[in-house]
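None of these values were measured; they are calculated from a predicted model.
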Amino acid sequence: MSERIRVLLSEEEVDRRIQEIGEQISRDYEGKQVHLVCVLKGGSFFLCELAKRITVPVSLDFMSVSSYGSETKSSGVVKIVKDLDEPLKDKEVIVVEDIVDSGRTLSYLLEMLRDRGPKSLRLCTLLDKPERRVTDVHVDYTGFRIPDEFVVGYGLDYDQRYRNLPYIGVVEFD
């Protein structure tokens, strides 16, 4: 079986929307420093582009998590593969994610991070699939709401391929 990629969101659309989110975060955190926490691997492309567009002081940290369960469904039980390097206590924290779908893993992760005492904790995602949501997760900054299709590009992968596409595409199988 072969696959092809159909463009869902062009590079220009993604770039423009990231600029708008960066401007909004800069307004919301005027006079403060924001600490961005990237969920690896997919969130790294979005984080880098977003951080360049935020005008208030920014610090960065990274975590890697995995969810137990079948390959197509997250159980919401999170294993921390790589934890944060710095404490979150009293920081203005924004978790940066590539995509929010079921919400199970992210709900668990946000609760765990809240317990670490940040001054504030918000969520920023490039893509949101609200129709797949099974756990309520409040997203503070959303790039795009997308239909329930399998997407790649801009950090999102299919079998570790296509992360480097500069746009968001839908995988279509022949």
Side-chain angles (χ1 to χ4, degrees), residues 5-66 80-101 103 105-106 109-110 112-114 116-130 137-147 149-158 160-171:
I5 309 301
R6 173 177 48 88
V7 176
L8 178 65
L9 298 164
S10 71
E11 182 176 2
E12 294 76 21
E13 289 174 289
V14 173
D15 188 58
R16 188 176 329 114
R17 185 64 186 125
I18 294 172
Q19 178 65 38
E20 293 168 357
I21 296 169
E23 290 169 0
Q24 182 65 52
I25 290 171
S26 298
R27 284 191 299 273
D28 291 351
Y29 289 89
E30 190 174 344
K32 301 175 183 174
Q33 177 170 328
V34 66
H35 187 69
L36 303 179
V37 172
C38 177
V39 181
L40 296 171
K41 298 177 185 175
S44 60
F45 288 73
F46 179 39
L47 173 92
C48 290
E49 293 303 316
L50 180 63
K52 291 191 294 188
R53 291 161 173 85
I54 296 173
T55 58
V56 298
V58 170
S59 57
L60 307 175
D61 208 343
F62 300 86
M63 13 183 16
S64 181
V65 300
S66 68
I80 305 297
V81 178
K82 184 232 176 281
D83 206 343
L84 299 172
D85 293 330
E86 300 178 27
L88 297 181
K89 184 139 182 65
D90 299 324
K91 292 182 180 179
E92 305 280 0
V93 176
I94 301 176
V95 174
V96 178
E97 181 66 285
D98 55 356
I99 190 166
V100 178
D101 50 26
T105 301
L106 213 42
L109 181 63
L110 289 170
M112 184 188 70
L113 295 177
R114 258 186 221 98
R116 297 184 183 190
K119 186 172 186 176
S120 68
L121 181 63
R122 291 186 175 172
L123 174 60
C124 179
T125 187
L126 180 59
L127 304 174
D128 189 4
K129 285 187 185 179
V137 174
H138 176 74
V139 181
D140 300 281
Y141 304 100
T142 301
F144 300 92
R145 289 181 186 221
I146 62 168
E149 297 183 284
F150 194 88
V151 291
V152 294
Y154 230 89
L156 295 142
D157 74 295
Y158 170 64
Q160 295 300 322
R161 293 179 294 149
Y162 306 117
R163 284 189 197 276
N164 61 320
L165 295 176
Y167 57 86
I168 303 297
V170 176
V171 179

Separation of [Y] [atom2] from [X] [atom1] (nearest 0.5 Å):
X    : Y    : atom1 : atom2 : answer
L40  : E97  : CG    : CD    : 9.5 Å
L165 : L156 : CG    : CG    : 10.0 Å
D101 : I146 : CG    : CD1   : 9.0 Å
E149 : K129 : CD    : NZ    : 8.0 Å
D15  : E20  : CG    : CD    : 10.0 Å
I25  : R53  : CD1   : CZ    : 12.0 Å

Determine whether a donor-acceptor pair (N or O, by modelled atom type, separation under 3.5 Å) exists between the side chain of [X] and the backbone of [Y].
X    : Y    : value
K32  : D28  : no
D128 : R145 : no
R17  : T142 : yes
K82  : F62  : yes
D157 : R163 : no

Which pair of heavy atoms, one from [X] and one from [Y], lies closest together, and at what distance?
X    : Y    : answer
S44  : K41  : OG-O, 2.9 Å
C124 : L50  : SG-CD2, 3.9 Å
G43  : C38  : C-SG, 3.4 Å
I168 : G153 : CD1-O, 3.8 Å
Y167 : E11  : CB-N, 3.7 Å
G31  : V56  : N-CG1, 4.5 Å

Subject >> For V100, the option from L127, L106, T105 that meets side-chain contact (heavy atoms from CB on, under 4.5 Å) >> reply: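 Single pass found, and it is L106.
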**OP:** Salt-bridge test for D83 and R116: reply yes if a basic N is under 4.0 Å from a carboxylate O, no otherwise.
**Re:** yes
Original post:
By side-chain hydrogen bond (donor to acceptor under 3.5 Å, both in side chains), which residues pair with T55, not counting sequence neighbours?
Top reply: S26
Original post:
Going through the checks in order, is the side-chain contact (heavy atoms from CB on, under 4.5 Å) test met by Y29 and I94?
Top reply: CA-CA 11 Å; Y29 289 89; I94 301 176; 3.6 Å; yes
**OP:** Take F46 and V96, measure what side-chain contact (heavy atoms from CB on, under 4.5 Å) needs, and give me the verdict at the end.
**Re:** CA-CA 8 Å; F46 179 39; V96 178; 3.5 Å; yes
Do [X] and [Y] come close enough that some side-chain heavy atom pair is under 4.5 Å?
X    : Y    : value
I18  : Y154 : yes
I5   : V171 : yes
L113 : M63  : yes

**OP:** With side-chain contact (heavy atoms from CB on, under 4.5 Å) as the test, would you mind laying out the steps for V93 and D61 before giving the verdict?
**Re:** CA-CA 10 Å; V93 176; D61 208 343; over 6 Å; no
**OP:** Take atom CD of E30 as the centre, draw a 6.0 Å sphere, and report whether it contains more than 12 heavy atoms from other residues, nucleotides or ligands.
**Re:**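 Check fails, neighbour count at 12 or below.
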**OP:** Please step through side-chain contact (heavy atoms from CB on, under 4.5 Å) for the pair L121 and L88, ending with a clear verdict.
**Re:** CA-CA 10 Å; L121 181 63; L88 297 181; 5.5 Å; no
Subject >> Distance-only donor-acceptor check, side chains Q24 and R27, under 3.5 Å >> reply: yes
